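Both backbone and side-chain heavy atoms feed into the values below; hydrogens, waters and symmetry mates do not. All values reported here derive from a predicted model rather than from experimental measurement.
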Amino acid sequence: SQQTRWFSPSDFQNLSPSDFFLFEHNEQIARAELMQNIGQGEQPKLNWKPADSTLFAEHFSSVQKSIAVGEVQKVVPYVFERSNLELKAGHIRYFLHRLLSSQTHGHIFGHWDLAAGKAVLGLTPEILFRTSSDELFQTMALAGTAASDGHSLLQDSKEIAEHQLVIAGLEDSLAEFGSRLNKGDTFEWQVGALKHLRTDLEMKLKQTNSLSLLQALHPTPALGGYPKSRSLELLGRFQLDLPRGSFGAPFGLERSFAESLFVVQIRCLIFNNSEVLLGSGCGVVKDSELSKEWAELERKRQSVKKGFGLI
């Protein structure tokens, strides 16, 4: 049988072949059986330190200034809440049980090393890409956010413009692979307490390798910005103020190039050395308003807390 290679980088901006790894044993198991096996687990007690609104305002202002002089059209700054936690196996079981019980659309992902005190667990709505045996390559543009019972994103010119930048970025990144990219209709997609604008894209893709696609696509303007190179320069400066680790990086697996799935590490908890981080990001464009973007960041983190059974 073909080996399954997993991919999980430790750094958002630097992807390399060493980020692929193998397990000696891989097993597929039904959701109901897995839930029964892991049990209820132990709910941790967390005391969250609020995200830094002052630092976010500084980063927001930096993006707006770069937009005003024509350097970028969109950048995605981010924030973290954090809490102390000595991670236990019972906590992992509790979080997994909550995620497996969720009716929210998306992909559960994660890995953990209790001895090292490191883990990532999440339920992401965003696929970076998927390939299948018939040479079909699929990705999505996912940008534009509101409360699930909020206003229509399809009637919001700011959200539509931001979403179109993500599509443009995907088209730019995939142009080197040569095939025609087919776009579906843009629609509102409900993801738990939130909804997003989503456009599915696909193309026929001849044999290449997953790392080339990962490096070409990541980060899409949904997590990085547009244009990519200048946006990454700004994000690199933001990381000096607020290291992000793997938040927003790809996570996935491949059995061969023809059969792979890579998602984006958002809507997740990151555990590292007796600390747990909860991140959220927002797309800042010309018409963005600081107060509205701050509220969006909070809504996203609240949705994660609810999904993990923390509120």
Margin query: Please give the remaining members of the hydrophobic cluster of L165, linking ILVMFWY side chains under 4.5 Å, ordered by chain and number.
Written below: Y226, V285

Note to self: Evaluate I108 against R31 for side-chain contact (heavy atoms from CB on, under 4.5 Å), listing each step before the verdict.
What the structure shows: CA-CA 11 Å; I108 299 170; R31 179 184 292 238; 4.3 Å; yes

For a 4.5 angstrom cut-off between non-hydrogen side-chain atoms, does [X] reach [Y]?
X	Y	value
E159	L197	yes
L297	C282	yes
D156	I160	no
M35	H97	yes
K65	I67	no
L205	L213	yes
L142	V166	no
R299	Q302	no

Next item on the list: State whether F308 and R98 meet the cation-pi test: NZ (Lys) or CZ (Arg) under 6.0 Å from the six-membered ring centroid, and within 45° of the perpendicular axis.
Entry: no

Item checked: R244 to Y78, cation-pi by 6.0 Å centre distance and 45° axis angle -> yes

Transitive ILVMFWY side-chain link [X] to [Y], under 4.5 Å:
X	Y	result
V75	L55	yes
F177	L261	yes
V191	L310	no
V284	I266	yes
F271	F247	no

Over all heavy atoms of both residues, which pair between [X] and [Y] is shortest? Give the atoms and the distance, please.
X	Y	answer
D134	S132	OD1-OG, 2.6 Å
P250	L214	CB-CD2, 3.8 Å
P243	F80	O-CE1, 3.6 Å
Q43	H91	C-CD2, 4.4 Å
A146	H151	CB-CE1, 4.0 Å
E162	A143	OE2-CB, 4.3 Å

Check: After noting the C-alpha distance and the side-chain angles of Q13 and L232, does the key distance pass the side-chain contact (heavy atoms from CB on, under 4.5 Å) rule?
Finding: CA-CA 8 Å; Q13 290 205 26; L232 286 177; 4.0 Å; yes

Atom [atom1] in [X], atom [atom2] in [Y]: separation rounded to 0.5 Å?
X	Y	atom1	atom2	answer
L96	Q40	CG	CD	12.5 Å
E275	N84	CD	CG	6.5 Å
T145	L194	OG1	CG	6.5 Å
S148	H196	OG	NE2	10.0 Å
D185	R198	CG	CZ	12.5 Å
L46	I311	CG	CD1	12.0 Å

Next item on the list: In sequence, state the C-alpha distance, the side-chain angles, and the governing distance for E135 and K204, and then conclude on salt bridge (Lys or Arg N to Asp or Glu O under 4.0 Å).
Entry: CA-CA 6 Å; E135 297 183 343; K204 287 288 187 177; 5.8 Å; no

Pair [X] + [Y]: basic N to acidic O under 4.0 Å:
X	Y	result
E188	K195	yes
K158	E293	yes
K305	E81	yes
K300	E296	yes

Would you check if the side chain of [X] reaches a backbone N or O of [Y] as a donor-acceptor pair within less than 3.5 Å?
X	Y	result
H218	F12	yes
K228	A216	yes
R130	F262	no
Q215	L15	yes
T139	F129	no
K74	P221	yes
Y94	G309	yes
N14	D11	no

Next item on the list: Might you work through the side-chain contact (heavy atoms from CB on, under 4.5 Å) test for H25 and F23, ending with a clear yes or no?
Entry: CA-CA 5 Å; H25 178 72; F23 286 115; 5.8 Å; no

Solution key, residues 113-128 side-chain donor-acceptor pairs under 3.5 Å, sequence neighbours excluded:
residue : atom : partner : partner atom : Å
D113    : OD1  : A115    : N            : 3.3
D113    : OD1  : A116    : N            : 3.3
K118    : NZ   : N272    : OD1          : 2.5
T124    : OG1  : E126    : N            : 3.1
T124    : OG1  : V264    : O            : 2.7

Item checked: Pairs involving residues 47-61, ordered by first then second residue, that meet side-chain hydrogen bond (donor to acceptor under 3.5 Å, both in side chains) (sequence neighbours left out) -> H59-D241

Next item on the list: Can you label the angle between the F56 ring and the F60 ring as parallel, tilted or perpendicular, going by 30° and 60°?
Entry: tilted

Next item on the list: Determine whether the side chains of S246 and S10 contain a donor N or O and an acceptor N or O closer than 3.5 Å.
Entry: no

Check: Going by atom types only, do S260 and E254 share a side-chain donor-acceptor pair under 3.5 Å?
Finding: no

Notebook entry, point to check: Under the side-chain contact (heavy atoms from CB on, under 4.5 Å) criterion, do L154 and F187 qualify, and how do the steps go?
Noted result: CA-CA 7 Å; L154 291 167; F187 61 98; 5.6 Å; no

Item checked: Intermediate values then yes/no, ring pair (Phe, Tyr, Trp, His ring centres under 6.0 Å), F7 and F251 -> CA-CA 6 Å; F7 184 83; F251 179 91; 8.7 Å; no

Margin query: salt bridge (Lys or Arg N to Asp or Glu O under 4.0 Å) for E42 and R93? Distances and angles first, verdict last.
Written below: CA-CA 7 Å; E42 175 188 350; R93 291 198 300 270; over 6 Å; no

